[in-house]
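For reference, the structure is listed below as structure tokens.
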Amino acid sequence: MTRSQELFERAKRVIPGGVNSPVRAFGSIGGSPRMIRNADGAYMTDEDGNTYLDFVNSWGPMILGHNHPAIREAVIKACENGLSFGAATALEVEMAELICREIPNIDMIRMVNSGTEAVMSAIRAARGYTRRDKIVKFTGCYHGHSDALLVQAGSGVMTAGIPDSAGVPAGCTKDTLSAVYNDTASVERLFEAFPQEIAAVIVEPVGANMGVVSPKPGFLERLRALCTRYGAVLIFDEVITGFRLGFAGAQGYFGVDADLVTYGKIIGAGMPVGAYGGKRQIMECVAPSGPVYQAGTLSGNPVAMTAGLSQLSLLKDQPDIYTKLNETGTWFFTQVESIVRESDIPAQVSFCGSLGCIFFTDTPVTNYETAKTSDTAMYAKYFTYMLDHHIYLAPAQFEAMFLSAAHTQEELAGVLDVMRGFFLK
Ligand SMILES: *Cc1c(COP(=O)(O)O)cnc(C)c1O
């Protein structure tokens, strides 16, 4: 038995499924999860001393690679000042000022502790502002694990084969309406049916929790127009795309304005941080300036803010980092595409900037239904092959591959060679 296996056996006795988040359990690909001891740059090392080139990057936060020296040093220094005060700090002001200054449509922002909390709070703010109850989400889009949003939520729920979670009372999801990603007519029908009742439309501007699914040209623009026409709040869930497609996230990348934006992952550089922000008139509804209650004992935690602010400052100060990341992504995934095209294994490569994935299907993927045609058993084989070659991918079909600035062209060329071994053998 490896040390990872030994630890996993122990974990299963005391942690549900042996993990603190379902997709880590390797449930959908079989085998036992690697217990990670440490990570540096583009690599992670497990408890048995195996090193992997990492394409999960903590599910996105480590856009500069693991254990970035400047971020690490800043965090160590911050720890010397105390871990939490439960009172306002200069760091929070700096963080909010940086984001409001650099990102269009963010007039005000509130820090929370996770992406889930950010989305849950943004929905509440949108409902409080509009005094309406219904929300529209897209099947296959994941917005965290709060009750109202666990409706055909993609990601871990998708591979687990659970359409909706147990333990969510029907009352909690009765105001959640589902639309089809990339299908504006499905949204129009909902607005026609409930013209005065929809508080918000929430969307992943690039779907990244049903595999990677890019918005068709005009899709996000049409959502913007519909929300404006019906007085609903357009929420971009940028927990993955924020500070990844560019500093201004999907709003900047696609040139579409949202009313509220949610952040997570990159904003905390690996620490538990989320945030929601947007138009002043909506954000002023949030307590204590308005009647929408939302709070957090550890929100804006000084150590977490230091990590996030250090990473965001590094990203903002080198704007060509995004040009490079997006170019590298385009080059890499185009190469993957050409390997897949030569192969007998049915597969589709889908990508946007530094996010991408391979769907094991003949069907072009544009939404949840088409993503679901993927052969997850083939993904399991592919995953295992790559892991055996020391390449760590997301242990599930319906997840993204995250490139970081720490992946060199040379390393990526090596990955392509390994992929050739799988697809062209
Ligand atoms: C990860 C994710 C969330 C949830 O964030 P957590 O920090 O895991 O709670 C919400 N929305 C999207 C788009 C995500 O990818």
Side-chain angles (χ1 to χ4, degrees), residues 19-25 55-63 110-124 126 135-160 165 176 181 200-215 220 223 234-245 249-251 253-254 258 260-277 294 296 298-299 301 304 307-308 311 352-357 368 371 394-396 398-402:
V19 290
N20 282 314
S21 194
V23 93
R24 293 180 200 166
F55 288 98
V56 175
N57 279 294
S58 192
W59 305 96
M62 318 318 287
I63 190 169
R110 169 63 65 83
M111 291 295 145
V112 294
N113 304 289
S114 69
T116 295
E117 233 188 290
V119 172
M120 187 180 84
S121 310
I123 297 275
R124 187 180 302 147
I135 55 170
V136 174
K137 83 174 279 294
F138 295 89
T139 55
C141 282
Y142 179 66
H143 302 294
H145 66 90
S146 69
D147 286 347
L149 290 154
L150 275 184
V151 178
Q152 295 185 302
S155 196
V157 201
M158 198 166 166
T159 33
S165 170
T176 307
Y181 199 80
V201 173
I202 182 162
V203 66
E204 282 185 75
V206 174
N209 286 286
M210 48 177 155
V212 174
V213 179
S214 292
L220 298 174
L223 296 184
L234 178 62
I235 306 175
F236 274 7
D237 182 349
E238 298 230 41
V239 170
I240 283 183
T241 53
F243 311 104
R244 174 164 290 275
L245 297 179
Q251 285 200 99
Y253 191 83
F254 296 109
L260 287 182
V261 178
T262 56
Y263 296 109
K265 301 188 172 119
I266 291 176
I267 198 174
M271 298 292 272
V273 181
Y276 65 106
Q294 186 271 309
L298 298 177
S299 294
N301 171 275
Q311 175 152 278
C352 183
S354 57
L355 294 167
C357 82
Y368 180 69
F398 304 110
E399 306 290 352
M401 191 170 175
F402 297 88

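For ligands, and for the atoms within them, numbers begin at 1 and follow the listed sequence. Remember, predicted model here, so these are calculated numbers, not experimental data.
Looking only at distances, a side-chain donor or acceptor of Asn57 sits under 3.5 Å from a matching main-chain atom of Phe402. In this structure, Arg244 contributes its side chain and Gly60 its backbone to a donor-acceptor pair below 3.5 Å. Checked by atom type and distance alone, the side chain of Tyr181 pairs as donor or acceptor with a backbone atom of Glu204 at under 3.5 Å. Looking only at distances, no side-chain donor or acceptor of Thr176 sits under 3.5 Å from a matching main-chain atom of Leu149. No donor-acceptor pair under 3.5 Å is formed between the side chain of Gln251 and the backbone N or O of Glu238. Gln294 places no side-chain N or O within 3.5 Å of a backbone atom of Glu117 that could act as its donor or acceptor partner.
Looking only at heavy atoms of the protein, atom 11 (N) of ligand 1 is closest to Asp237 OD2, 2.7 Å. Of all protein heavy atoms, the one closest to atom 7 (O) of ligand 1 is Gly115 N, 2.9 Å.
Using a 4.0 Å cut-off to heavy atoms of Glu204, the atoms of ligand 1 that qualify are 13 (C). Within the listing of ligand 1, atoms 15 (O) sit less than 4.0 angstrom from a heavy atom of Ile240. Of all the atoms in ligand 1, the ones that sit under 4.0 Å from a non-hydrogen atom of Ser114 are 7 (O), 9 (O).
In Asn209, the part holding a heavy atom less than 4.0 Å from any atom of ligand 1 is the side chain. Both the backbone and the side chain of Thr116 come within contact range of ligand 1, each with a heavy atom under 4.0 Å.
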For this session: Could you check Val206 against Ile240 for side chain to side chain contact (heavy atoms under 4.5 Å, CB included), going step by step and ending with a plain yes or no?
Result: CA-CA 9 Å; Val206 174; Ile240 283 183; over 6 Å; no
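Remark: distances from the non-hydrogen atoms of Lys265 to ligand 1 include one below 4.0 Å.
Summarising the contacts of atom 3 (C) of ligand 1 with Val239, Asn113, Ile267, the nearest heavy atom is found in Val239.
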